[in-house]
Amino acid sequence: MTIFEQMTGGGVSRRGMLKGGAAAVAALSMPGFVRAAGDAPLYGGVFIVGAAEEPRHLNLNTSTDIAIKLIANPIFSKLVGLKSDLTTKPDLAKSWAVSDDKLVYTFNLNEGVKWHDGKPFSSADVKFSFEKILFPLHNVGKTLQPFVKSVEAPDANTIVFTLNSPNDYFVTFVAGQGFIQPAHLYEGTDFSQNPANLKPVGTGPFRFSSWSRGQELALVRNENYFLKDQPYVDRIVTRFIPEPSARINALVNGEVDYVTYADLPPSMVAELRKNRDLVVTSAGHEAWGSIVELMMNLDKEPFSKLEVRRAIAHAINRDFIIEKAVYGLAKPATGPVSSQLGWAYAPDTMQYPFDVAKANALLDQAGYPRDAGGVRFSTSVVTNRSTEAFVKAAQIIAEQLKAVGIAVTVSALDTATINDTVFTKRDFGMYINSLTTGPDPAMGVQRQYVSSNIRPVPNTNAIGYRNPAVDKLLADAAQSPSRDERAKLYKEASRALCEDVAMVWLYENPTFSAFNARFGNLHSWAAESIYAYGDVYWKEGSARRS
């Protein structure tokens with residue numbers, strides 16, 4: 001029996017339970033129990049998330065897999081968080097200061113913070129997390145490591161980062177990706193096999209409770225959370241619902257309260273917008289600048305040939321893909337940086353408009369004539385089976401490439417198989433994926449193209465792109481302290497990548513999430529609201545903690 005069934009006796013819908021509970025309380029006039037007025041946070045209730053995928057583990061510092069972060073984020077804390085305008089807000093650090101030369105960052109930590117297992121948290125945990133996990137293992141942290149001279153913990157409540165040179169994105173990484181993990185559980189262990197990956201221990205607002213494989217995962221309120229009066233709801237439960245229509249029906253019927261854009265099929269956005277019980281929003285994703293990409297394995301023929309990559313770019317009708325796969329909710333991507341990151345976005349990159357005749361001419365030029373059956377060569381395109389839009393896009397691309405003599409087999413796989421096939425073994429032809437380009441290109445863009453990041457880790461340079469000039473542009477952009485200079489370098493890198501057709505950037509991912517209107521503090525403050533829901537509250541809760 002699932003947690004949901006235990007709470008309801010197995011025979012009452014969750015919507016009925018909430019309505020019935022509120023009505024009973026109102027009838028009894030219990031003190032302290034009121035219906036929410038305005039946006040004042042109230043206490044109690046269960047917040048249920050509907051997720052398409054079940055993660056393999058919950059170590060969110062060794063992977064940027066959204067299925068992991070969607071669940072694990074409320075368990076952990078960072079030094080600081082990111083607000084919607086990409087400025088920082090306190091978390092484990094109550095204050096911080098930067099030296100005049102922009103080389104020394106000093107964070108003053110909250111006192112008396114404890115891990116969920118009761119052990120005291122200290123600056124030693126921060127030092128360990130950055131030096132032993134984030135810098136060597138995180139696919140973005142690895143690119144930042146060369147710019148950090150030292151991480152010091154002069155006392156239990158102070159952590160000091162000293163940089164080799166001023167860095168414009170250091171704090172953005174700390175705020176966006178720097179989750180702190182317990183040194184007392186990880187030090188001296190094989191991080192990939194540590195039991196805490198499956199039963200994580202953090203300092204965040206919610207504690208790990210239980211995991212029923214294939215069904216749901218539950219978190220419970222951290223009664224000793226260091227931020228006063230938080231969290232508000234008693235539990236967060238993530239239910240694994242792979243089938244899209246079943247997931248959305250659960251949202252509409254009140255059986256789940258939240259579905260993120262990663263799990264919300266674009267085909268259902270228009271209908272959900274009509275539902276007054278739901279909030280459908282594209283706000284709260286400001287940090288990401290997500291682009292859906294057609295990656296090609298550049299270490300293998302025929303994709304190693306520039307003429308073939310340009311031919312494929314010309315053979316793909318992106319407007320048709322946007323219309324049919326994402327129902328017109330997106331716009332074409334024009335390169336490796338999303339237009340949402342306006343300061344680094346280059347609008348004048350080389351483009352490859354839909355042109356079948358041009359594609360055929362380029363394939364002839366590349367030395368791939370048609371055989372008796374009209375086929376030039378065969379390949380495959382891999383994509384994630386849980387994302388409806390990606391599967392549709394893959395099917396459309398297969399049809400469009402067939403028109404120019406390229407036979408494409410579509411393989412819709414689960415995330416674990418994709419990571420092994422694409423990133424570990426690199427045994428693929430093409431791959432449709434969605435990766436963020438923000439909150440800073442040094443974090444979202446660089447990882448995909450620098451030659452030093454060709455390694456068997458998810459969301460790295462799996463295409464095998466190598467260009468010393470681009471390596472230098474991205475390295476210079478990452479370490480420059482000047483935002484204007486960085487913008488210039490990123491735009492130059494974007495132009496070079498587009499000329500090389502490092503991949504085909506299909507469209508800027510539409511970011512619509514939906515949640516039950518009876519919950520507040522969702523998508524209201526965080527640039528990473530897709531999973532920053534540790535302070536969510538139920539509007540029919542109690543004014544005081546029971």
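Note that these values count all heavy atoms, side chains included, but never hydrogens, waters or copies made by symmetry. None of these values were measured; they are calculated from a predicted model.
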Hydrogens and angles aside, do D117 and H184 bring a side-chain donor and acceptor to less than 3.5 Å of each other? yes

Do E243 and S245 pair up side chain to side chain, a donor and an acceptor below 3.5 Å, judged on atom types alone? yes

Between T460 and V457, is there a donor-acceptor pair closer than 3.5 Å when you use the side chain of the first and the backbone of the second? yes

Check for me whether the distance between the ring centres of Y533 and F515 falls short of 6.0 Å. no

Will you find, in the side chains of Q479 and S165, an N or O donor that is under 3.5 Å from an N or O acceptor? no

N275 versus R273, side-chain donor and acceptor atoms under 3.5 Å: no

Regarding S339 and E508, is there a side-chain donor-to-acceptor distance under 3.5 Å anywhere? yes

E54-Q215 side chain donor-acceptor pair, cut-off 3.5 Å: no

Indicate whether the side chain of T417 and that of D414 have a donor and an acceptor atom separated by less than 3.5 Å. yes

Modelled atom types, side-chain donor and acceptor of Q181 and K132, under 3.5 Å: no

Hydrogens and angles aside, do T387 and N384 bring a side-chain donor and acceptor to less than 3.5 Å of each other? no

Does the separation of the ring centres of F128 and Y186 fall below 6.0 angstrom? no

For a quick check under 3.5 Å, do S77 and T203 share a side-chain donor-acceptor pair by atom type? yes

Can you check whether Y261 and F512 have ring centres sitting under 6.0 Å from each other? no

Modelled atom types, side-chain donor and acceptor of S434 and S290, under 3.5 Å: yes

Does any part of the side chain of L109, heavy atoms only, come nearer than 4.5 Å to the side chain of L79, both counted from C-beta? yes

Would you confirm whether the ring centroid of F170 sits within less than 6.0 angstrom of the ring centroid of Y105? yes

Centroid-centroid under 6.0 Å between F206 and H116 rings: no

Quick check on the 6.0 Å ring-centre criterion: do H523 and Y258 meet it? yes

